[in-house]
Amino acid sequence: MVAQWFAGEGESFRLLGTRCARCAAVHFPREDDFCRNPGCGGRELVEVALSRRGRVWSYTDGRYRPPEPYVSDPELPWEPYTLIAVELEAERMVVLGQGAPGVTVADLEVGMEVEVVSGVLHEDADTVWTTWHWRPVGVTA
Amino acid sequence: MTGEVAVLGAGMHPWGKWGRGFVAYGTVAARAALADAGVDWRDVGSVVGADTVRGGYPGYVAGATFAKALGWQGARVASVYAACASGAQAIATARAQLLAGLADVVLVVGADAAPKGFFRPAGGDRPDDPDWLRFRVLGATNPAYFALYARRRMAVHGDTLEDFAQVKVKNAALGALNPHARYRKAVSADEVAASTVVADPLRLLDICATSDGAAALVLSTMDFARRHGVADPVRIRAVSTVTPTYPNTVLDLPDIATDSAAAVPPGERTFRASIAHAAYEEAGIGPDDLSLAEVYDLSTALELQWYEDLGLCGEGEGAKLLRDGTTSLGGRIPVNTSGGLASFGEAVPAQAIAQVCELTWQLRGEAGGRQVAGARVGLTANQGLFGHGSSVIAVR
């Protein structure tokens with residue numbers, strides 16, 4: 001669905017962005033054509049793994065089933081998921097992602113350290129759609 | 001500073017869920033604005049429509065759709081889309097035509113028939129569309145973003161759920177006085193607290209609904225207004241339609257990540273603050289000159305953020321301004337005297353125009369029970385998906 005936004009397994013799982021070879025600006029989701037820094041406009045964008053850990057900028061959850069194109073089974077009761085916006089220090093940016101399964105808003109605080117882990121967005125008989133999740137550091141599921 | 005244009009007429013279709021098409025609503029609002037202005041539709045030189053993209057094909061050609069409904073009369077036409085800022089861009093387009101001498105009188109119309117429930121992107125698989133992506137990859141609805149801002153305010157500034165509820169209490173009390181509003185009854189803090197959580201920490205009554213609705217304005221050159229016998233009209237002095245400045249470091253709808261500040265340090269102002277700043281600069285006034293403001297309260301918490309972004313108070317002081325009554329009717333700077341989106345709900349292409357209708361009625365002294373005594377200067381603030389700013393300053 002979204003190509004080359006993340007890669008790796010287990011401890012080496014990382015979000016992938018691109019970095020401008022001229023000005024060092026980082027882009028996520030990846031930008032492959034032109035650097036978006038208006039003072040640069042560089043065209044050589046190099047794939048880069050983003051920091052594995054960051055700090056919670058803010059968080060919330062979804063108590064109601066989101067509309068399509070989010071995929072969920074209308075036959076099953078809705079299970080709220082968390083959304084966590086995470087500040088990455090080295091990249092100086094905030095990246096949004098779902099919390100790992102089982103992480104609720106009660107487990108989270110602004111400023112808490114979290115790490116990126118691989119997860120499953122949705123699966124059916126034919127396909128498993130993988131994604132990234134944020135998980136508080138020290139929690140294993 | 002640029003020249004001023006006159007607001008000769010303002011009109012709305014009442015907001016709610018009426019089960020009709022956006023063309024009908026827009027035509028009612030347009031006819032009301034023309035009647036208010038005392039201008040015959042056949043004397044209008046240009047019509048500018050703010051687009052709805054959920055109305056199917058006609059929505060993409062909003063200006064001509066309204067011109068046809070009012071009766072073809074040969075006017076110049078334009079249609080604009082800027083998500084929630086569409087109405088402001090329609091006003092900006094009309095103003096540019098008037099100041100350039102391309103027309104003497106312009107009709108601006110925005111109308112929508114909103115779907116029930118969450119807003120969602122148009123259908124199909126479109127992974128090159130950031131709005132489609134945030135739903136598909138994250139399930140991130142609009143309230144999820146409102147909640148991220150709200151939680152951040154609680155953590156950084158110490159805002160409380162009670163502060164958020166009091167915004168709803170204030171706006172519902174004002175909406176009860178507005179015949180155009182969808183919700184016309186007072187709401188208590190207990191009712192807000194008892195409503196179900198949509199996206200923690202925000203509850204159903206912290207978040208604006210989706211609505212049908214329409215708003216229209218008749219704008220003219222100052223010369224035309226004088227010839228028309230209106231010596232002292234409400235005047236539009238500034239229209240801000242700015243985009244963000246790189247790096248945009250506040251996570252905004254519909255983005256999955258902010259810009260990186262690794263290569264370029266963030267500027268002096270956030271995007272929201274820059275929207276009002278551009279309007280102040282153009283009008284040659286500052287926050288202390290305002291009599292009232294209409295701001296985009298998608299959520300209660302977001303209204304508090306706007307207080308700071310408009311310069312009504314310092315960073316983190318929004319809740320204090322609310323608590324001490326400064327932004328209530330009778331306070332130094334009443335905010336959302338119309339009742340705001342809390343009382344109207346979202347009818348996307350209409351809402352930035354509706355904000356200017358409220359300023360017009362306030363500056364004329366025609367706002368009835370919600371009138372701000374001696375109102376001379378009003379400001380609107382709004383923000384559209386994909387980096388669209390929107391702010392209008394009107395004076396009398």
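Convention: sequence-line order gives letters A, B, ...; per-chain numbering from 1. Computation of the quantities below employed the complete heavy-atom set of this structure, encompassing side-chain atoms and omitting hydrogens, waters and symmetry-equivalent molecules.
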Steps toward side chain to side chain donor-acceptor pair (under 3.5 Å) verdict (B:T141, A:Y64): CA-CA 10 Å; B:T141 61; A:Y64 290 86; over 6 Å; no

Could you go step by step and tell me if B:V137 and A:W129 meet the side chain to side chain contact (heavy atoms under 4.5 Å, CB included) rule? CA-CA 10 Å; B:V137 176; A:W129 284 273; over 6 Å; no

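Between A:R92 atom CZ and B:S260 atom OG the span is 8.0 Å, to the nearest 0.5 Å. Taken to the nearest 0.5 Å, the CZ atom of A:R36 stands 6.5 Å off from the OH atom of B:Y246. The structure places CG of B:D255 at 11.5 Å from CZ of A:F28, a figure rounded to the nearest 0.5 Å. For the atom pair CD (A:E68) and CH2 (B:W132), the distance works out to 11.0 Å, reported to the nearest 0.5 Å.
Counting heavy-atom pairs closer than 4.5 Å to chain B, the top residue among A:V94, A:T82, A:L88 is A:V94. Heavy-atom pairs under 4.5 Å with chain B were tallied for A:P38, A:G62, A:C20, A:A24; the largest tally goes to A:P38. Ranked by heavy-atom pairs under 4.5 Å with chain A, the list B:L251, B:V198, B:L202, B:V250 is led by B:V198. Of the listed residues (A:V56, A:N37, A:V95), the one with the most heavy-atom contacts under 4.5 Å to chain B is A:N37.
Side-chain contact between A:M93 and B:D259 is absent, with no heavy atoms from C-beta onward closer than 4.5 Å. Considering only heavy atoms from C-beta on, B:R152 comes within 4.5 Å of A:V110 through its side chain. The side-chain heavy atoms of A:L121 and B:R136, taken from C-beta on, include a pair separated by under 4.5 Å. A 4.5 Å side-chain heavy-atom check between B:Y145 and A:T60 finds every atom pair outside the cut-off.
For chain A, no part of B:D125 is nearby; none of its heavy atoms comes within less than 4.5 Å. Of the atoms belonging to A:V26, heavy atoms from both backbone and side chain fall under 4.5 Å from chain B. For chain B, the nearby part of A:R65 is the backbone; its heavy atoms alone come within less than 4.5 Å.
For the pair B:R151 and A:W57, the cation-pi criterion (under 6.0 Å, within 45° of the ring axis) is not fulfilled.
When all heavy atoms are compared, the tightest approach of A:P67 to B:F119 is CG-O, 4.1 Å. In terms of heavy atoms, A:Q98 sits closest to B:G139 at NE2-N, 4.5 Å. Annotation for B:L138 and A:Y70: closest pair C-CE1, 3.9 Å, computed over non-hydrogen atoms.
Within residues 160-168 of chain B, no residue has any heavy atom less than 4.5 Å from a heavy atom of chain A. Listed by sequence position, B:A261, B:A262, B:A263, B:V264, B:P266 are the residues of residues 261-271 of chain B in contact with chain A, using a 4.5 angstrom heavy-atom cutoff.
The backbone N or O of A:D61 sits nowhere less than 3.5 Å from a side-chain atom of B:D200 that would complete a donor-acceptor pair.
Other residues, nucleotides and ligands contribute only 12 or fewer heavy atoms inside 6.0 Å of the CD atom of A:E109. Counting heavy-atom neighbours within 6.0 Å of A:R43 CZ, excluding the residue itself, gives a total of 12 or less. Heavy atoms of other residues, nucleotides or ligands lying less than 6.0 angstrom from NZ of B:K320 number 12 at most. In this structure, A:E47 places its CD atom where more than 12 heavy-atom neighbours from other residues, nucleotides or ligands lie under 6.0 Å away.
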